[in-house]
Amino acid sequence: MNLNKLLKPKTIAIVGASEKAGFGGDTTRNYLKFSKNLDKLYLVNPGRDSIFGRRAYHSLSEIEGDVDLVILCTPQKTIIPLLEEAAAKNCGGAVVFASGYSEVGPEGKERQKELVEAADRLGIAIMGPNCAGYANFVDGIFAFAFLVEERERKGNIGMISQSGQIVLGGLDSPNMGFSHVISSGNSCNVKVEDYLDFLVDDEDTKVVAAYMEGVTKPEKLVAAIQKAAIKKKPVVILKTGRSSKSQELAASHTGSLSGADKVLRAVFKRYGVVEASDLEELMSLAAAFSWLHQYPQGERCVFMNVSGGEAGVMADLAEEYGIELAEMGQGTKDYLRTLVPDYGSVNNPFDMTAGIGYNTPVMVQAMEAISKDKNVDAIVVAYTITPEIWDDTIAHMVEAVSIARQNKELKPVFWIPFIEHTRHQESADILRAAGTPLLPTGRYGCNALKKVLDFAVKTFETMQPAIPEKIHSASHSLSEFESLNYLSTHGVPIPPQAVAVTADEAVEEAKKLGYPLSVKIHSSDIQHKSDVGGVKLNIKNEAELREAYAAIMDSCRKNAPAARLEGVLLKPMLKAGVEMIIGVNNDRDFGPMIMVGMGGVFVELFKDVQLAPAPLTRLQAERLIENLASYPLLNGYRGGVVCDKEALANLLVKISEMAAECKDTVKELDINPVFVTEDGAAIADALLVVYDD
């Protein structure tokens, strides 16, 4: 749906306009105070002839000409009739403040369904209902219902929130500048994903910040964030509901380890979305990206402090948050020693002392020298800015940053205060003009810095998402034999195997496969074979094989009496190695997710797994493996064998390609363990769950 008439209208009518307090009066006051092109504004109220000295129309029909946008400040029961009237004026957008819809139970949900049907039939894009409206600072349109103080707010942040109060919080922040703010409310026929897509395309929006309570258009979301990744436009999202339970009735380890929240986070990570954990982080990250004039080319930082104590604090925080401290070259250190007093330190963090802090030209020289060092990617000034003690040190340091930043060759600069305090606004404005983000304090600041650095250096590979085209209701598990054969038919290498219904057949198959063998129960009804005594390993000869066959069948009859026993599965024993798990969980919204992690009996204990949408490129597969806490085990930990990580990555890619191809067939896949040795990666066991239809 085209959103231009909703978000960039030429003619606007406020229906229910008033001089009284409330939605009608406050929206009218806001619009008259903050908006441009008031000659294209129509105030509508059937009981008034004038409002705030302007003509009041008694109905939409009375307006001469077309109306692009109607802002409806009227009760719920009037909304659909007003939309009908607006459609006759070629209206294409409506802001609906009224409540009493899906937020109030079954009757409200039915009313919202009727509203959606009417809006779709009339071709009107609706913001709301139960919303606070929006402001378009680019075109000067303030269709917002909450009163705010009068000051300049124009900038380049596009903000979306289903909560109007969160939008109001952003508007109240003195360090946030917006292209658009949007309170989507119940998101009638225009969803958060639609607004996100609009802002990603918007040339006046440099960074998108979104508060999301749910995902209703997964395909639109993926398309929008992939487009943003290609443009290198930061999208910062705070998604609530991260504590929701994992997917129900998961038949495999993969299913239980990849709940809805983990899936969404993996999708965000794939497409470079910067996640915020709370509102403070959402705002501070959006502001940081907004203020920054250019991205660092790497992640190596030099911290500049005015005391040794502060330098020690920053060193600890940098290590805690994974911020790489640059190792400045000897020439740089030698030069800095000529600037700093004897009691200072030219290590990193750099204790430049108040001696440099009080001296603007010398601090500029220090920053330029650090910036020229080939081992440095960014500079972080760490000092608290407060209005009450805005001393000469703060003034000189802020001025030094402003002067140094006039050099276009200077590498990016960030500022982190130590203690939370009301900011000195004049200093903040100087830093913003200099393209120097004023981050939050301490941990918040270092966390934000790390996320900005990670985004700056992240590379993006375009992939065709494998989102399912069907909705399935039922599924069933395949036996290990069937699961492995399914993988084989889709290009995944599997070990030799055979099924035997009797002990005599097992002996004959063993002659072909060779000893030693693994012997497992063959049954689609038994998923975890070892739990019912259905596994015997390292069988060396015919006598042991016959004994194993009998023992397995007896144990399974006793421990799984309802299961169908279809014989045994024979496979040559694999060479022992590091045990890994590879899995697939087909999310109903975002499609098959690939999991890799520590396998064997420890998979549920340590939960050391990485998750990503299918399919994977080779580089993406390698990164997943390298991000595992257990990665050192594959890399020869404490004298161990260096495993064939290339083979594991290749296997991961093959399985991801199968999962993408079978997005409407495969529900879950568990391959556990995969033995990774110095000369390959081999599948020891597999459980596949497929849809019935």
Subject >> Sequence-distant partners of Lys36, side-chain contact (heavy atoms from CB on, under 4.5 Å), two or more places apart >> reply: none
Original post:
Is there any salt bridge (Lys or Arg N to Asp or Glu O under 4.0 Å) pair reaching into residues 108-128, and which pairs are they, with sequence neighbours excluded?
Top reply: Glu84-Arg121
Original post:
With sequence neighbours excluded, what pairs up with Lys227 under the salt bridge (charged side-chain N to carboxylate O under 4.0 Å, His left out) test?
Top reply: Asp197, Asp201
Original post:
Is the charged tip of Lys451 near the ring of Tyr321: under 6.0 Å from the six-membered ring centre and within 45° of its axis?
Top reply: no
For the residue pair [Y] / [X], report whether a side-chain donor-acceptor contact shorter than 3.5 Å exists.
X: Ser184; Y: Gln162; answer: no
X: Asp26; Y: Tyr31; answer: no
X: Thr240; Y: Glu213; answer: no

Hey, can you pull the donor-acceptor pairs under 3.5 Å for the side chains in residues 92-101, sequence neighbours left out?
none

Original post:
Who are the side chain to side chain donor-acceptor pair (under 3.5 Å) partners of Ser179, not counting sequence neighbours?
Top reply: Thr205
Subject >> Any Phe414 side-chain heavy atom under 4.5 Å of Leu292 side chain >> reply: yes
Show the atom names and distances, to 0.1 Å, of all donor-acceptor pairs under 3.5 Å that link a side chain in residues 13-24 to residues at least two apart or in another chain.
{"residue": "Ser18", "atom": "OG", "partner": "Lys20", "partner atom": "N", "Å": "2.9"}
{"residue": "Glu19", "atom": "OE2", "partner": "Arg48", "partner atom": "NH2", "Å": "3.4"}
{"residue": "Glu19", "atom": "OE2", "partner": "Phe52", "partner atom": "N", "Å": "2.7"}

Original post:
Ring centroid separation for Phe198 and His180, is it under 6.0 angstrom?
Top reply: yes
